[in-house]
Protein chains: 2
Amino acid sequence: MSASQIQMDPALPPRESWADINDDCPIFQSLGVLSTRSAFLVLREAFYGATRFDQFAQRADISEPVAAARLKELTEAGLLEKHPYREPGQRTRNEYVLTDKGADLLPTLLALFRWGERWVFGDGIRADIAHASCGASVDAVVTCEHGHRVPPGELRFRRNPARAS
Amino acid sequence: MSASQIQMDPALPPRESWADINDDCPIFQSLGVLSTRSAFLVLREAFYGATRFDQFAQRADISEPVAAARLKELTEAGLLEKHPYREPGQRTRNEYVLTDKGADLLPTLLALFRWGERWVFGDGIRADIAHASCGASVDAVVTCEHGHRVPPGELRFRRNPARAS
DNA sequence: GTTCTGGCTATGAGATACCTAAGTCAGCTA
DNA sequence: TAGCTGACTTAGGTATCTCATAGCCAGAAC
């Protein structure tokens with residue numbers, strides 16, 4: 001096997017014989033909410049500070065019906081929350097803010113961001129996300145609970161584990 | 001602004017006025033290859049050890065035409081490589097293996113995996129990915145180049161930076 | 001009351017993604 | 001030479017995603 005593959009626990013049966021191969025997979029489940037491009041773009045804008053309907057539509061460069069559909073889905077899925085607010089002299093409006101569940105997608109978005117920089121833009125860096133207090137660029141780094149940086153070849157998949165935490 | 005939003009460099013103009021808002025965005029560019037559910041599933045199986053056509057189709061639980069289309073796209077995009085090989089008494093076949101570019105999506109997939117575990121499965125953990133040499137669970141952790149673990153509130157977005165590296 | 005504006009909603013059409021079922025094709029086996 | 005098998009490909013249909021355009025509605029402003 002190549003160094004980029006995840007080692008499978010030798011005690012596991014061959015993958016072909018697993019039941020519910022997708023229903024039991026957290027990646028597949030995550031894609032339930034995130035299967036469309038516009039969902040990623042709406043979340044991107046939420047992280048970049050958008051809260052209002054027209055901001056999402058305009059900044060993500062998606063049509064209003066799509067923005068409405070995505071905001072509704074993401075709200076129903078618990079990634080965004082609708083908060084009514086009122087500016088003086090204006091009627092009540094809703095703003096959409098990230099919940100903890102939505103905010104927890106930051107490592108995923110950041111990993112995608114960095115991958116795109118490295119492999120699509122290459123050296124022509126157009127933007128950067130940095131640690132505000134020290135100025136260094138950030139990335140989503142594969143790390144174990146003991147704080148080790150883990151190279152791909154040292155990953156092992158196992159089922160129903162007794163988790164160390 | 002909420003603690004989950006990324007701070008924008010104050011020197012930047014308001015986001016509404018940015019040109020090429022998506023063309024310049026590495027997330028958007030990454031979604032060019034990864035906009036479908038089946039692309040994620042095919043990559044998942046590549047990380048789990050699939051190399052042959054029927055393994056991808058069966059293990060990802062997608063139809064053969066979709067598997068063929070995705071393998072072709074991912075190969076053309078440089079995430080997978082086709083390698084002819086031959087087992088004794090068999091004719092030549094192709095195996096599909098992750099390139100460096102494809103393997104570099106591991107943090108993204110892992111981040112999605114962990115998010116699904118936390119927010120879809122909750123405590124009913126069905127699987128785990130661990131550091132083989134120490135046994136601890138791994139995650140994709142937002143970390144700066146100086147090694148700091150960076151909380152969401154301390155992220156800052158900036159454009160055309162002089163990168164520290 | 002009439003107008004205006006922000007925040008959606010409705011409609012219809014085109015592209016994409018997926019499925020099942022059937023077909024092709026190379027090369028080993030008998 | 002006539003299967004057989006693994007690796008796709010083709011055909012045809014449904015569902016989903018997206019767009020552009022147009023409409024609706026609440027609540028100021030006038």
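Each chain gets a letter, A, B and so on, in the order its sequence line appears, and its residues count up from 1.
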Assess the side chains of R149(B) and T143(B): does a donor N or O sit below 3.5 Å from an acceptor N or O?
no

Interatomic distance, Q55(A) CD vs dC8(C) C1' [rounded to whole Å]:
15 Å

For Q58(B) and dC8(D), what is the distance between atoms CD and P respectively, to the nearest whole Å?
15 Å

Are D139(A) and R118(A) within salt-bridge range, i.e. N to O under 4.0 Å?
yes

Report yes or no: is the cationic atom of R15(B) (NZ for Lys, CZ for Arg) closer than 6.0 Å to the six-membered ring centre of Y48(A), at no more than 45° off its axis?
no

Once pairs are restricted to Watson-Crick or G-U wobble with both distances under 3.5 Å, how does DNA chain C read as a dot-bracket string, [ ] for crossings and | for other-strand pairs?
||||||||||||||||||||||||||||||

Just to be sure I understand the rule, does F56(A) reach a base, reach only the sugar-phosphate, or reach nothing, if contact means heavy atoms closer than 4.0 Å?
nothing

Quick one: do the T99(A) and E81(A) side chains pair a donor with an acceptor below 3.5 Å?
no

Taking the six-membered ring for Trp, are W18(B) and F157(B) closer than 6.0 Å centroid to centroid?
yes

Which nucleotide, dA7(D), dC8(D), dA21(C), lies nearest any side-chain atom of P65(B)?
dA21(C)

Hey, any chance L105(A) and V141(A) share a hydrophobic cluster, counting ILVMFWY side chains that come within less than 4.5 Å of each other, even indirectly?
no

Of the listed nucleotides (dC19(C), dT9(D), dT18(D)), which one gets closest to any side-chain atom of V66(A)?
dT18(D)

Check ion pair D128(A)-R114(A) (N to O, under 4.0 angstrom):
yes

Output the rounded distance in Å from CD (E16(A)) to C1' (dG6(D)).
14 Å

Does R52(A) put a side-chain nitrogen or oxygen below 4.0 Å from OP1 or OP2 of dC8(C)?
no

Taking the six-membered ring for Trp, are F40(A) and F40(B) parallel (under 30°), tilted (30 to 60°) or perpendicular (over 60°)?
parallel

Rounded to whole Å, the CD-C1' distance (E95(A) to dC8(C)) equals 17 Å

Rounded to whole Å, CG of N94(B) lies from P of dT9(D) at a distance of 11 Å

For DNA chain C, find the residues of residues 22-44 of chain A with a heavy-atom distance under 4.0 Å and give them by number; none if there aren't any.
none

Of dT9(D), dC8(C), dC19(D), the nucleotide closest to the side chain of E64(A) is dC8(C)

Determine, step by step, whether N94(A) and F53(A) satisfy the side chain to side chain contact (heavy atoms under 4.5 Å, CB included) criterion, reporting the C-alpha distance in whole Å, the side-chain angles of both residues, the deciding distance to 0.1 Å, and the verdict.
CA-CA 8 Å; N94(A) 286 310; F53(A) 177 83; over 6 Å; no

Phosphate oxygens OP1/OP2 of dA7(D): is one of them under 4.0 Å from a side-chain N or O of Y96(B)?
no

Any side-chain heavy atom of D104(A) sitting closer than 4.5 Å to one from D100(A)?
no

Between dC8(C) atom C1' and K72(A) atom NZ, what is the distance in whole Å?
12 Å

Please give, in whole Å, the distance from dC8(C) P to D54(A) CG?
9 Å

Between dT21(D) atom C1' and I62(A) atom CD1, what is the distance in whole Å?
17 Å

Which of the following nucleotides, dT9(D), dT20(C), dA20(D), is nearest to the side chain of F53(B)?
dT9(D)

